[in-house]
Amino acid sequence: MFSAFSFRIRAYGVAGCVAGAAAALTGFAVLKDDRRTMASSGFMAAPISTNVCLDDSAKDMRHRMEGLILRTQKDICDALSELDGKEFRVDRWTRPNDGGGGISCVLQDGNVFEKAGVNVSVVRGVLPPEAVKQMRARGHSALKEGEPLPFFACGVSSVIHPRNPFVPTIHFNYRYFEVISDNK
């Protein structure tokens, strides 16, 4: 069991790991053919950032990270849908004043999962002065107190509740946070 599961983690990445763990715990088979790749095309909804490259060739880290979390969301949703036999409901949302947005994907009342959520957020704005003060207190002394500090943050988070009461709930977050400062 461990070696087969380890193989799936290496071969299929995060989506294979989450779906493989769910399959191992529930007794359901996830993959019909272990040689099949988990690669998927596109995302669950239109990206939050527009008119930019979101793959590994993107020049800045923020767009590379946005692409990574959107692909991760799609891979996990595809793997869980395959396991459950039911599709995710997708909701794309935005923050006011060009503050970014996100994509919420929810599978509810499924065959294997009571509820599964795989959510992405891509947000930007200006940190409040109190947040800058806390960052300075933690050793980021190059940040100027009292000046506006723009930020960018993105991440994927998930909570998965299986129907089987003997199978634990799964929860994870993967985040990227960046401040834009003249003081590098």
Side-chain angles (χ1 to χ4, degrees), residues 9-10 12-19 21 38-81 88-108 115-161 168-184:
I9 291 171
R10 284 193 307 277
Y12 306 123
V14 174
C17 177
V18 171
M38 296 288 283
S40 61
S41 61
F43 306 126
M44 295 301 288
I48 308 308
S49 298
T50 57
N51 301 321
V52 294
C53 174
L54 295 177
D55 63 19
D56 291 338
S57 68
K59 294 197 187 305
D60 62 15
M61 183 58 80
R62 68 177 54 183
H63 292 121
R64 292 173 69 183
M65 289 303 298
E66 182 178 350
L68 174 70
I69 64 165
L70 290 169
R71 286 187 303 276
T72 299
Q73 179 187 43
K74 172 104 170 91
D75 289 348
I76 292 170
C77 288
D78 286 352
L80 294 175
S81 286
F88 277 79
R89 187 181 72 245
V90 178
D91 179 34
R92 188 176 186 279
W93 54 270
T94 58
R95 290 179 68 205
N97 303 321
D98 194 35
I103 302 166
S104 300
C105 298
V106 177
L107 184 155
Q108 194 160 353
K115 191 169 189 178
V118 184
N119 305 305
V120 159
S121 58
V122 178
V123 295
R124 54 193 157 271
V126 177
L127 285 176
E130 187 59 34
V132 176
K133 186 176 179 180
Q134 287 179 0
M135 291 173 75
R136 287 179 49 81
R138 291 188 206 137
H140 298 283
S141 56
L143 301 175
K144 293 180 184 175
E145 199 168 336
E147 289 189 14
L149 185 60
F151 75 91
F152 171 85
C154 64
V156 58
S157 68
S158 184
V159 178
I160 303 166
H161 296 274
T169 295
I170 299 167
H171 176 248
F172 71 88
N173 290 295
Y174 184 73
R175 301 181 190 139
Y176 174 77
F177 182 82
E178 173 183 293
V179 293
I180 301 107
S181 171
D182 292 335
N183 305 330
K184 304 267 179 200

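We number each residue from 1, following the sequence as shown.
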Inter-residue atom distance [X].[atom1] - [Y].[atom2], 0.5 Å rounding:
X	Y	atom1	atom2	result
Met61	Leu68	CE	CG	9.5 Å
His63	Cys154	NE2	SG	9.5 Å
Lys115	Ile160	NZ	CD1	13.0 Å
Leu127	Gln134	CG	CD	10.0 Å

Can you name the closest pair of heavy atoms from [X] and [Y] and give their distance?
X	Y	result
Pro150	Pro148	CD-O, 3.7 Å
Phe88	Cys77	CE1-O, 3.4 Å
Val90	Cys105	CG2-SG, 4.0 Å

Of all residues at least two apart in sequence or in a different chain, which pass the side-chain hydrogen bond (donor to acceptor under 3.5 Å, both in side chains) check with [X]?
X	value
Glu66	Ser49
Glu178	Arg62, Tyr176
Asp91	none
Thr94	none

TODO: Using atom types as modelled and distance alone, determine if a side-chain donor or acceptor of Ser158 lies under 3.5 Å from a backbone N or O of Gly117.
DONE: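 Pair found, side chain donor or acceptor close to backbone of Gly117.
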Open item on the list: If we ignore hydrogens and angles and just use 3.5 Å, is the side chain of Gln73 paired with the main-chain N or O of Phe43 as donor and acceptor?
Closed with: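 Side chain of Gln73 to backbone of Phe43, a donor-acceptor pair under 3.5 Å: no, none is there.
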Open item on the list: Among residues at least two apart in sequence or on other chains, which ones pass side-chain contact (heavy atoms from CB on, under 4.5 Å) with Ala46?
Closed with: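 Testing Ala46 for side-chain contact (heavy atoms from CB on, under 4.5 Å), a comparison that skips the adjacent residues, returns Arg92.
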Task: Pairing residues for Asn173 by the side-chain contact (heavy atoms from CB on, under 4.5 Å) criterion, not counting sequence neighbours - done: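 Listed in chain order: Ser157, His171, Arg175.
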Open item on the list: Filter on salt bridge (charged side-chain N to carboxylate O under 4.0 Å, His left out), then keep only pairs touching residues 116-129, sequence neighbours left out; what's left?
Closed with: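 Residue pairs passing salt bridge (charged side-chain N to carboxylate O under 4.0 Å, His left out), neighbours aside: Asp98-Arg124.
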Open item on the list: Test: salt bridge (charged side-chain N to carboxylate O under 4.0 Å, His left out). Region: residues 127-140. Which pairs qualify, not counting sequence neighbours?
Closed with: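 Every pair satisfying salt bridge (charged side-chain N to carboxylate O under 4.0 Å, His left out) with a residue in residues 127-140: Arg136-Glu145.
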- [ ] May I ask you to say whether Lys74 pairs ionically with Asp78, meaning some side-chain N is under 4.0 Å from a carboxylate O?
- [x]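 Yes, charged N to carboxylate O under 4.0 Å.
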Would you check if [X] and [Y] make a side-chain contact, meaning some heavy-atom pair closer than 4.5 Å?
X	Y	result
Val122	Ile69	yes
Val159	Asn119	no
Phe172	Ile76	yes
Tyr174	Met65	yes
Val120	Met44	no

Task: Within 6.0 angstrom of Phe151 CZ, more than 12 heavy atoms from elsewhere - done: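 It does: Phe151 CZ has more than 12 such atoms within range.
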TODO: Take Leu107 and Val118 through the test side-chain contact (heavy atoms from CB on, under 4.5 Å) and record every step on the way to the result.
DONE: CA-CA 9 Å; Leu107 184 155; Val118 184; over 6 Å; no
